[in-house]
**Q** 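Supplied in structure tokens, the structure appears directly below.
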Number of protein chains: 2
Amino acid sequence: MEYKDIEIRLEKKGIKATANRITVYRALASAHVPVTLSMLEEALVTVDKSSIFRVLSLFLEHDVVHAFEDGRGVLHYELCGNEGHCDLSDSHLHFYCESCQKSYCLDDVHLPEISLPQGFTSHSISFVIKGICPHCQARQ
Amino acid sequence: MEYKDIEIRLEKKGIKATANRITVYRALASAHVPVTLSMLEEALVTVDKSSIFRVLSLFLEHDVVHAFEDGRGVLHYELCGNEGHCDLSDSHLHFYCESCQKSYCLDDVHLPEISLPQGFTSHSISFVIKGICPHCQARQ
DNA sequence: TAGCACTTTGCAACTGGGTTGCAAAAAAGT
DNA sequence: ACTTTTTTGCAACCCAGTTGCAAAGTGCTA
């Protein structure tokens, strides 16, 4: 994805496009799986951890990315779809591979409605399945 | 729950009943919600954090407790049912209250089967809904 | 374009949950 | 009683996430 496209995309979401933000955005776009702060830290040696963190927090606020926790309590971030408000994080399933530590976004798995007992109000839902991914399965 | 009952229960699961283990067990039993390491640490001032941790790890291994992560990556532990192998953690839903930080075990909510795409193998499933619990709702 | 305000960044330091090495204490075996 | 094994407390560490602060960068005004 080109510099200019990212710039336009960020500004559409109400974020000024700085060098770091574009760098982080590009990294998120080119990783084809949800990535963690430390993965980004490793990939983007020129950018400080705290800056990446702040960029990700900003992206979260402005629905540029959504995040979910894997089975170790580590957040994985991935870009939202382009249009409008991102509510993907509320509804879809993630798979975390305990072997390679990568996570997968299983958009296509149907998730049924859950009705909470009286009095509970839901803000977000996290469905994470831990196990072994096809790639690691094959490697054994 | 009495000392002797706990001792019997632990030994039935193949764990020697030491003072710390009984203390931790009792704390888990008397808290009627799933509790975290730090909650136990606070409640059991006589027992060291690392000891509580080791007891919990042992309990996990021997299916005395099961655990799940809330939305902050913090583990919550709760006693398994008494009989046989505990597979509760594989199937039921937890609710984490973002206001009071307590978690609830929603055993009675029906969770439908999820079929993973070809090649994925599931070891455990985590379904956590974050939001506001009835108690905190009422307090506002 | 100089001066000023605001924003963004890097650095260092810290938090908090979880985890480990090690030696002392306790329990079990002989 | 003495040796061996298990359990425990302490201190220290790991790592993800987070913050305070000052320096650098950006942009605006005059």
Side-chain angles (χ1 to χ4, degrees), chain A residues 6-7 10-11 13-25 27 34-62 64-78 96 98 101-103 126 128 130, chain B residues 3 6-7 10-11 13-25 27 34-62 64-77 96 98 101-103 126 128 130:
Chain A
I6 298 175
E7 203 175 333
L10 289 181
E11 268 154 22
K13 301 271 193 170
I15 295 175
K16 200 186 341 170
T18 68
N20 277 355
R21 291 173 191 167
I22 289 172
T23 307
V24 171
Y25 193 105
V35 292
T36 64
L37 178 58
S38 49
M39 286 158 105
L40 289 170
E41 209 183 330
E42 206 175 317
L44 310 174
V45 282
T46 58
V47 188
D48 188 75
K49 179 171 78 149
S50 65
S51 300
I52 301 174
F53 171 74
R54 282 189 273 238
V55 168
L56 290 173
S57 304
L58 189 73
F59 281 6
L60 268 182
E61 263 175 55
H62 287 75
V64 176
V65 298
H66 60 264
F68 66 95
E69 260 176 77
D70 65 29
R72 297 131 67 212
V74 177
L75 280 174
H76 291 237
Y77 299 87
E78 64 184 327
Y96 172 71
E98 293 177 317
Q101 268 84 47
K102 286 217 189 82
S103 60
S126 156
V128 181
K130 288 197 274 182
Chain B
Y3 188 97
I6 298 175
E7 204 176 331
L10 289 181
E11 267 154 22
K13 302 270 191 170
I15 295 174
K16 200 189 339 173
T18 67
N20 277 355
R21 290 172 191 166
I22 289 172
T23 307
V24 171
Y25 193 106
V35 293
T36 64
L37 178 58
S38 49
M39 286 158 105
L40 289 170
E41 209 183 332
E42 206 174 318
L44 310 175
V45 283
T46 57
V47 188
D48 188 74
K49 179 171 77 147
S50 64
S51 300
I52 300 175
F53 171 75
R54 281 188 274 237
V55 168
L56 290 173
S57 304
L58 189 73
F59 282 6
L60 268 181
E61 263 176 54
H62 287 75
V64 175
V65 298
H66 58 265
F68 65 94
E69 260 175 77
D70 64 29
R72 297 131 66 213
V74 177
L75 280 174
H76 290 238
Y77 299 86
Y96 172 71
E98 293 177 318
Q101 269 84 49
K102 285 217 190 81
S103 59
S126 155
V128 181
K130 287 197 275 183

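Every value quoted in this text rests on a predicted model; they were computed, and no experiment measured them. Labels below follow one simple rule: chain letters A, B, ... track the order of the sequence lines, proteins then strands, and each chain is numbered from 1.
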**Q** From CE of Met39(B) over to C1' of dG17(C), roughly how many Å is that when rounded to an integer?
**A** 14 Å

**Q** May I have the distance from Leu58(B) (atom CG) to dT7(D) (atom P), rounded to whole angstrom?
**A** 8 Å

**Q** Check the distance between dT9(C)'s P and Ile15(A)'s CD1 and give it to me in whole angstrom.
**A** 11 Å

**Q** Checking Glu7(A) now: which residues fulfil salt bridge (Lys or Arg N to Asp or Glu O under 4.0 Å) with it, not counting sequence neighbours?
**A**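 Applying salt bridge (Lys or Arg N to Asp or Glu O under 4.0 Å) to Glu7(A) gives Lys4(A).
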
**Q** Measuring only between side-chain heavy atoms, which start at C-beta, is Gln101(A) closer than 4.5 Å to Arg72(A)?
**A** yes

**Q** Generate the contact string for nucleotides 11-26 of chain D. Rules: B means base contact, S means sugar-phosphate contact only, - means no protein heavy atom under 4.0 Å.
**A** -----SBBBBB-----

**Q** With Thr18(A), which residues qualify under side chain to side chain contact (heavy atoms under 4.5 Å, CB included), at least two apart?
**A** Asn20(A), Arg21(A)

**Q** Taking side-chain hydrogen bond (donor to acceptor under 3.5 Å, both in side chains) as the test, write out the residues that go with Tyr77(B), two or more places apart.
**A** none

**Q** Give a yes/no answer on whether the side chain of Asn20(A) brings an N or O atom under 4.0 Å of OP1 or OP2 in dG10(C).
**A** yes

**Q** Taking only residues two or more places apart in sequence, or in another chain, which ones meet Lys49(A) in a side chain to side chain contact (heavy atoms under 4.5 Å, CB included)?
**A**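 For Lys49(A) the side chain to side chain contact (heavy atoms under 4.5 Å, CB included) partners, ignoring immediate neighbours, are Leu37(A), Glu41(A).
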
**Q** Taking 4.0 Å as the cut-off, does a side-chain nitrogen or oxygen of Thr18(B) come that near to OP1 or OP2 on dA27(C)?
**A**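 For dA27(C), OP1/OP2 do not have a side-chain N/O of Thr18(B) under 4.0 Å.
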
**Q** Which residues pass the side-chain hydrogen bond (donor to acceptor under 3.5 Å, both in side chains) test with Glu11(A), not counting sequence neighbours?
**A**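 Here no residue qualifies.
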
**Q** Taking CG from Leu40(B) and C1' from dG9(D), how many angstroms apart are they, rounded to a whole number?
**A**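 About 17 Å, once rounded to whole Å.
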
